[in-house]
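Here, residue 1 is the first one in the sequence, and each next residue gets the next number. Numbering of ligands and ligand atoms starts at 1, following listing order.
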Amino acid sequence: MSEHTSLTGNRGLDIEEASIFAQDTPGRSGVDLVAPAPFEDRLGGLGRQGVIGLPGLSEPEVVRHFVRLSRANYGIDSGIYTLGSCTMKHNPRLNERLARLPGFADLHPLQPVSTVQGALALIAEVSRWLKALTGLPAIAMSPAAGAHGELCGLMAIRTALENRGDARSRVLVPDSAHGTNPASAALCGYSIDPVPSDGRGRIDVAALKRKLGPDVAAIMLTNPNTCGLFEDQIIEVAELVHGAGGFFYCDGANFNALVGRVRPGDLGIDAMHINLHKTFSTPHGGGGPGAGPVALSKELATYAPLPLIVHDGEGWRLIEHAVDAPPGTKPLGRIKAFHGQMGMFTRAYAYMLSHGADGLRQVAEDAVLNANYVLVKLSDVMTAPYPGPCMHEALFDDGFLEGTGVTTLDFAKAMIDEGLHPMTIYFPLIVHGAMLVEPTETESKRSLDGFIATMRALAAAAKSGDAARFTEAPRLAPRRRLDETRAARNPVLRWRPQAEREAAE
Ligand SMILES: Cc1ncc(COP(=O)(O)O)c(C=O)c1O
């Protein structure tokens, strides 16, 4: 018997779990519901005739099912989560407690405004903090994620240009950018023109100069960029783009490295989204929930989306229609139902207040310190494409794996066997076999040392010729290596009974 098999398929106390539908016992239920009293059917015969197809399980079966599934998962509460670019930091429990207060958690977005004065005041306070931290005069609070913030910022830029009578067609995006940048610009109708990076992993300013022209609407630059490096020519970039009549959009996903230390407005940035679910510690993963407020310059603030939250001297008011907007403003419309993610705002505000201005500054300092600690401690066994120091994330390439038969993907999968969530891999695209490690400030030295020791041991194993440890990994996870290409090309997104599945094939 192989050391990894058991009679049941279970692995010690990690219990193999079938789909909840496979556990169906028709008629079984966790609750006894009283039969409804006779009522007049007003659906004109359109009511459902068949069963709705929910699996029948008792309460203990349901509880066990979801607890077992949760144990098969890995989250920030399980251990260090170095997924670069994602800023997977600890979500303070204080934030959770406050977000669950019924006065926040049970609000309905259509409640009369007089009954949600506290919530509106809180949103305005978060906005005030963000203005102070970015040095920009206005914040659009409603975008639901970073990418949504990008779209909102670019819509404001497009509206501003149209109002200047100078509609333009091209957006410049460095080749190291996150994929959402070109996607957002394309969604706004712009053509994308990539700007190469230089040998230092920063934007190539000479190439930028060549690309600027009267049709350039904006540049989208990330700072620190996706290589974890500060764009040290950013002021020149801003001057060049402004000189050509364009706007400067900054992808603020990496604000964790700057918060409290640098005000993006001082760098000449016109618009920047802030991922509250990264810098301000609100939980994320699995596609949501998020919040991506956008900081806007004075000119762009004119076009900020609805709703606007204003204080009229007597209380907080929501401006929901362009006709009610303050004189001189021309809101670009509404980009989201209602007013934004209240739960995220509450958590972010709790985070801001509990850290204070000095605490937020220390966040950035500690995030940068931790990343540099990782970079330095691994640089002799792994290869870094750009010399340090770095900002909040440490970037490695696959140079140290050359000749071992182990790829970046294999290396990442072997980390799972060691109880580590892999770092981000193959991003940024400009680095061969990239491995992007973002420890964040919430990891202790002990936790970092544990991570570093494991990475060093893995690097040594790869170089020693133990390729099978990597190419067969993960061997100890609930599932072995999945066919990611098939999963991407032929995703199965809905469970169907076997008979239905077979009939469809
Ligand atoms: C650099 C960068 N830009 C933009 C985004 C998009 O943010 P969101 O996932 O909140 O839409 C991300 C997300 O990871 C990112 O890392």
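- Of all atoms in ligand 1, listed by their number and element, those nearer than 4.0 Å to a heavy atom of Ala147 are 6 (C), 7 (O), 8 (P), 11 (O).
- Counting heavy atoms under 4.0 Å from ligand 1, residue Ala253 touches it through the side chain alone.
- Residues Phe396 and Phe411 keep their aromatic ring centres 6.0 Å or farther apart.
- An N or O contact shorter than 3.5 Å links Asp251 to ligand 1 by distance.
- Separating the CZ atom in Phe338 from the OG atom in Ser142 is a distance of 12.5 Å, to the nearest 0.5 Å.
- The part of Lys278 lying near ligand 1 is the side chain, judged by heavy-atom distances below 4.0 Å.
- Checked against the 6.0 Å centroid threshold, His178 and Phe427 count as a close aromatic pair.
- A side-chain hydrogen bond (donor to acceptor under 3.5 Å, both in side chains) with Thr87 holds for exactly one of Glu438, Glu441, Lys278, His277; it is Glu438.
- At the shortest separation from atom 9 (O) of ligand 1 among protein heavy atoms lies His277 NE2, 4.4 Å.
- Classification of Arg168 and Asp215 as a salt-bridged pair fails, no side-chain N sitting under 4.0 Å from a carboxylate O.
- Counting atoms of ligand 1 from 1 in the listed order, those under 4.0 Å from a heavy atom of Asn275 are 7 (O), 8 (P), 10 (O).
- The distance from ligand 1 to the heavy atoms of Ser85 drops below 4.0 Å at these ligand atoms: 1 (C), 14 (O), 15 (C), 16 (O).
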Assess the residue pair Ile234 and Ile269 against the criterion (side-chain contact (heavy atoms from CB on, under 4.5 Å)); give the C-alpha distance rounded to whole Å, side-chain angles, the decisive distance to 0.1 Å, and a yes or no. CA-CA 9 Å; Ile234 190 164; Ile269 287 159; 4.2 Å; yes
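- Here the protein heavy atom with the shortest distance to atom 8 (P) of ligand 1 is Gly146 N, 3.4 Å.
- Contacts of Glu150 with ligand 1, taken as heavy-atom pairs under 4.0 Å, involve the side chain alone.
- Each of Leu208, Val173, Val171 was evaluated against Ile219; a single residue qualifies, Leu208, per the side chain to side chain contact (heavy atoms under 4.5 Å, CB included) test.
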